[in-house]
Amino acid sequence: MGWVKELPLRKIIQSLPPPIFKIPFFSDNMTKHAEILFLEEWLRSTSGSSINSDIRSRDASTSSAQAIIQAWAELRSSLQERSFNPRHLQSLKSLVNSQASLYVADPQARLLLSILSSSELHLPHDSYPLIFRLLYIWARKSSKPSTVLITSAVDHISHLISNQFTSRRSITLFSEGVLLVGAFSMVPYISESTKNICVDLLCQLLEREYQVIGSVGELISYVLAGIGYALSSSGDAHFVRLLNSLFVIWGKIEEPCGIYHGLMVLHLIEWALFAIINAHSLEKIEAFINKIRENTGAGYAKFAVLMAAAGALKASSRFIARGESLDVISRLRISAQARVEAIAMDLIPKNGDFMNFTGNGVSFLLQCLSLAVSRCGGLDSAQGPMLVCLALALLTETFPLKRFYQMIVQCPLENLNGPELSAIKKHQGTVLFMESGATARVFCNLYASANDEDKQKVEDLLWTFCQDIYLGHRWAAMMLRGGPNELLDDLDKVAESAFLMVVLFAFAVTKQRLGSRFSRESQIDVSVKILVAFSYIEHFRRIHLAEYMDTIRAVVVSIQENESACVSFVESMPSYADLTNPQDSCLQKMKYIWSKDDVQTARILFYLRVIPTSVQRLPSAVFRTMVASVTFLYMGHPNVKVARASHLMFASFISSSKDSDQDERVSLKEQLVFYYMMRSLEAYPGNTPFDGLASGVAALVQHLPAGSPSIYYCIHSLVNKARDFCEVANQEAKFTKNWQAESDPRRKILELLLRLISMVDIQVLPELMKLLAQLIIQLPRGGQDMALNELYILVAESDDVTRKPTLVSWLHSLSYICSQGTSRNAIPKDARVKENSPITARL
């Protein structure tokens, strides 16, 4: 089955998306907070959040040194002129827009504080967030800001926030204020009293101004960064208070939380806890453990607690603990993992209906759970609910194909270029889809550590998922045929990634479930289910995966020596009636044509390639009922790959033997030859590939009983086909030239007949020699020369002492007749095999 280029799955997952599996860069060498100057930017980048144009332009733009100097000069002039006009406001904006290259020293900070505290200046409300931002740059970029200036700044800002914010309720001012106060609390060397004032002010803002938190929108990264700064520097009491705020504020946000919010919480806790662990603040770690152990009630947002627990796992995994801290870090991991599993347990429906319970809240938590376990590097182990939830997250959120298919079904065809197309395309750019590889790896690792009952649950979910996407994609592909190709292409991309996930999971299943620990019956059952699942998703296989081939080999070995397993797999194949006349009313309305159903064709192609590996175990009655009609149907498929596989399927059955029903098997083989030759030759050289026809003919002349009527019929059919070619070709001026082309179908048929001389049994050989002589004599000179040359080579190389003398004599006679230029009359009609001839009657 190696028909495409090999590309190991592990390489795909490490580099995807490939198109699919990609995790935003994160440095594990973050040993100093100085490596991340602006925490809010890091939170946005690690979460993959889209940011508004104002934030993007300010972070990316730069100004010349002269423009920056001029802007500071303008600000100093405001104090001299005792007025603050629009050009001064513009100077503030220019400086803020140069954040990436701007450095604010103590003199500039003193200037800003003087402007803030001046009673003679009437500052516009838009200027306060800008001044806060410049002071924030000072606090983060300055290596050792003046503690006196910090203390003065905290006093001014505390007063300003109380007055200005109460009167204006500015969202931007609130966000910049939280960020600035949090950054001040982290400045080294400031007094404990100043730090406490900062953290207390931040806590008050979060607890008091809850109405504004619901409207911060894109600026939520500012609020979270402020909390993060304060968490890493606060005392124990304020630390718990800040955690409470972090878990509670989400209930006050009017807009539904995005997955990016959850990722920001995860990396915020990772950042803060890593600093706390490095500082050996064991009391704060204990406080976090106690908080994460608490019930998630009391207004806590479950997703925030979940992502915080994942952040703790991420931070703890990057720290090498020793001594007393080892015990604390171990308990931190245990508590965090227990909280993740407890939230997963709450999501599991009591009625066991896993695939139809997802609402908005559950859906969002499943998305968070998926990213939480992938970002934290996985769990040490997991209980059943955790494994099931992760499976559901992959099947319903990461790969929501069933939802996409339903959306297409419910939408009129003329409207499919609208929101449906954009929704599917947008999903491919989500962090959830891009990290599907990492999530799949964690899922398979957890599967390996689960008990047998839980393994069975998730296996059933995955195999059902394969059937669902087969049915849905088949219907969508037929519906969209001739419609918007872009929509179908986008569906294919999502399904291809789902295929990779299923292969990775199936490979893990074979490692776990095909061992000696399991009964033979259990191994066979799992093997058949994997093969059937792979048949459903064969349409989405675009690359050759080493893991895919290893899985196929493992399960085929498991079933090919067991008759009931082979029968079970074959009976899962659609019947001839289902293939040509599906009962689905929707497909019937589309004027269904079986050969244009690409999804179904891929599935049948899978069966045509797998069944030959165990056809010797398949009872003749089952082959007659289930396989033969499907094989002959797909011999006429316009796809040469499918047609060739059908011929190989026929050849494998003709070549097989089975002691228990040998007589019945031989009888069936001889009956099938008639239909095989008729079906093959009627489509040659159109849909019938020559190599497929040659393999079938070679199998039947070598494996049917000597002197079988079916062999005679096969030879006569080939000769008649060659004569038909000659009748038409004799009228073509370029006939002789075409015989020189090795790809010419007439030449190929003749070469096949010549090769049969060394393959047929002695009883059939005289008949073949007679028919060949009649045919060669009828050929034009160029065809005769080609045939005689081939025969000379064949006879010369033969080491068959029984037939070689006869062949030599026959060849000399034939050569002599051809050299005499015997008249090439029209082919007599009675030289052909009729359907009511003795040859046919003997079948």
Side-chain angles (χ1 to χ4, degrees), residues 32-34 36-43 92 95-96 99 102-117 127-165 170 172-209 219 221-235 237-239 241-242 245-246 268 271-272 275-276 279 281 284:
K32 297 181 180 179
H33 283 65
I36 298 176
L37 281 177
F38 302 117
L39 182 56
E40 73 283 4
E41 292 181 6
W42 183 74
L43 291 177
L92 286 175
L95 290 171
V96 169
Q99 170 177 307
L102 183 66
Y103 180 82
V104 180
D106 287 356
Q108 286 83 26
R110 187 176 291 107
L111 170 61
L112 295 170
L113 290 175
S114 298
I115 293 174
L116 276 178
S117 60
S127 65
Y128 290 106
L130 298 174
I131 294 174
F132 280 14
R133 169 57 57 166
L134 293 174
L135 290 174
Y136 172 66
I137 295 172
W138 167 59
R140 294 302 297 154
K141 284 193 174 183
S142 181
S143 59
K144 191 175 181 181
S146 168
T147 55
V148 175
L149 280 178
I150 292 289
T151 302
S152 174
V154 170
D155 292 338
H156 288 304
I157 290 166
S158 176
H159 175 72
L160 275 170
I161 289 178
S162 299
N163 293 338
Q164 289 292 328
F165 185 71
S170 166
T172 306
L173 181 62
F174 170 80
S175 303
E176 293 283 3
V178 170
L179 182 63
L180 177 58
V181 172
F184 278 164
S185 71
M186 261 200 68
V187 173
Y189 313 117
I190 63 171
S191 64
E192 283 298 319
S193 59
T194 302
K195 181 182 295 186
N196 288 335
I197 291 172
C198 290
V199 178
D200 190 64
L201 175 60
L202 193 149
C203 290
Q204 289 180 33
L205 282 172
L206 294 172
E207 295 164 356
R208 186 180 67 215
E209 307 299 343
L219 298 178
S221 61
Y222 292 8
V223 177
L224 293 178
I227 294 174
Y229 290 135
L231 280 172
S232 64
S233 61
S234 63
H238 283 120
F239 181 80
R241 195 174 168 188
L242 286 166
S245 296
L246 179 63
L268 167 67
W271 187 86
I276 292 169
S281 300
K284 291 169 75 171

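Nothing fancy with the numbering, it's 1 onward along the sequence.
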Participant: If you round to the nearest 0.5 Å, how far is OG1 of T194 from CD of E192?
Facilitator: 9.5 Å
Participant: Locate the shortest heavy-atom distance separating L39 from G228; write the atom from each residue and the value.
Facilitator: CD2-CA, 4.2 Å
Participant: From N196 CG over to L201 CG, what is the distance, rounded to the nearest 0.5 angstrom?
Facilitator: 12.0 Å
Participant: Do V154 and I190 come within less than 4.5 Å of each other through their side chains, counting heavy atoms only?
Facilitator: no
Participant: Find out whether L95 and R133 are in side-chain contact, i.e. whether some heavy atom of one side chain is under 4.5 Å from a heavy atom of the other.
Facilitator: no
Participant: Could you tell me the separation between the CG atom of D200 and the OG atom of S193, rounded to the nearest 0.5 Å?
Facilitator: 12.5 Å
Participant: Would you name the heavy atoms of L43 and A225 that are closest together and state the gap between them?
Facilitator: CD1-N, 4.0 Å
Participant: Look at the side chain of K284 and the backbone N and O of L231, then say whether any donor-acceptor pair between them is shorter than 3.5 Å.
Facilitator: yes
Participant: Return the set of residues passing side-chain contact (heavy atoms from CB on, under 4.5 Å) with D106 (not counting sequence neighbours), or none when no residue passes.
Facilitator: W138, S142, P145, S146, L149
Participant: D155 versus H159: any side-chain heavy-atom pair under 4.5 Å?
Facilitator: no
Participant: I'd like to know if the side chain of R140 and the backbone of I36 have a donor-acceptor N/O pair within less than 3.5 Å.
Facilitator: yes
Participant: Does the side chain of I227 come within less than 4.5 Å of V223's, by heavy atoms?
Facilitator: yes
Participant: Would you confirm whether T151, through its side chain, and T147, through its main-chain N or O, come within 3.5 Å as a donor-acceptor pair?
Facilitator: yes
Participant: Begin with the C-alpha distance, continue with both residues' side-chain angles, and end with the deciding distance and a verdict on side chain to side chain contact (heavy atoms under 4.5 Å, CB included) for L224 and L246.
Facilitator: CA-CA 8 Å; L224 293 178; L246 179 63; 3.7 Å; yes
Participant: Once ring-ring contact (aromatic ring centres under 6.0 Å, His included) is applied, do any residues pair with F239, and if so which ones, sequence neighbours excluded?
Facilitator: none
Participant: Classify the ring geometry between W271 and Y229 as parallel (under 30°), tilted (30 to 60°) or perpendicular (over 60°).
Facilitator: perpendicular
Participant: Taking it one step at a time, do L135 and L113 satisfy side chain to side chain contact (heavy atoms under 4.5 Å, CB included)?
Facilitator: CA-CA 9 Å; L135 290 174; L113 290 175; 4.1 Å; yes
Participant: So how far is it from Q204 CD to S158 OG, rounded to the nearest 0.5 Å?
Facilitator: 7.5 Å
Participant: With sequence neighbours left out, what residues match S233 under side chain to side chain donor-acceptor pair (under 3.5 Å)?
Facilitator: S185
Participant: Restricting to non-hydrogen atoms, name the atom on S232 and the atom on I276 that form the minimum distance, rounded to 0.1 Å.
Facilitator: CA-CG1, 4.3 Å
Participant: Tell me, please, which residues at least two apart from A105 pass side-chain contact (heavy atoms from CB on, under 4.5 Å).
Facilitator: Y103, P107, Q108
Participant: Rounded to the nearest 0.5 Å, what separates atom CD1 in I197 from atom CG in L202?
Facilitator: 13.5 Å
Participant: Quick one: pull up NE2 in H156 and CD1 in I131 and give me the separation to the nearest 0.5 Å.
Facilitator: 11.5 Å
Participant: Does some side-chain heavy atom of V104 sit less than 4.5 Å from a side-chain heavy atom of K141?
Facilitator: no
Participant: Not counting sequence neighbours, which residues clear ring-ring contact (aromatic ring centres under 6.0 Å, His included) with F184? List them please.
Facilitator: none
Participant: How about L37 and I137: do any of their side-chain heavy atoms sit closer than 4.5 Å?
Facilitator: no
Participant: Do any N or O atoms from the side chain of K144 and from the backbone of Y189 form a donor-acceptor pair under 3.5 angstrom?
Facilitator: no
Participant: Among residues at least two apart in sequence or on other chains, which ones pass side chain to side chain donor-acceptor pair (under 3.5 Å) with S143?
Facilitator: none
Participant: With sequence neighbours left out, write down each residue that passes side-chain contact (heavy atoms from CB on, under 4.5 Å) with S127, or none if nothing qualifies.
Facilitator: F84, L89, L92, L123, P124
Participant: Which residues pass the side-chain contact (heavy atoms from CB on, under 4.5 Å) test with T172, not counting sequence neighbours?
Facilitator: P129, S170, E176, L219
Participant: Taking C-beta and beyond as the side chain, do Q99 and E41 meet within less than 4.5 Å on heavy atoms?
Facilitator: yes
Participant: According to side chain to side chain donor-acceptor pair (under 3.5 Å), who are the partners of S114, at least two apart in sequence or on a separate chain?
Facilitator: none
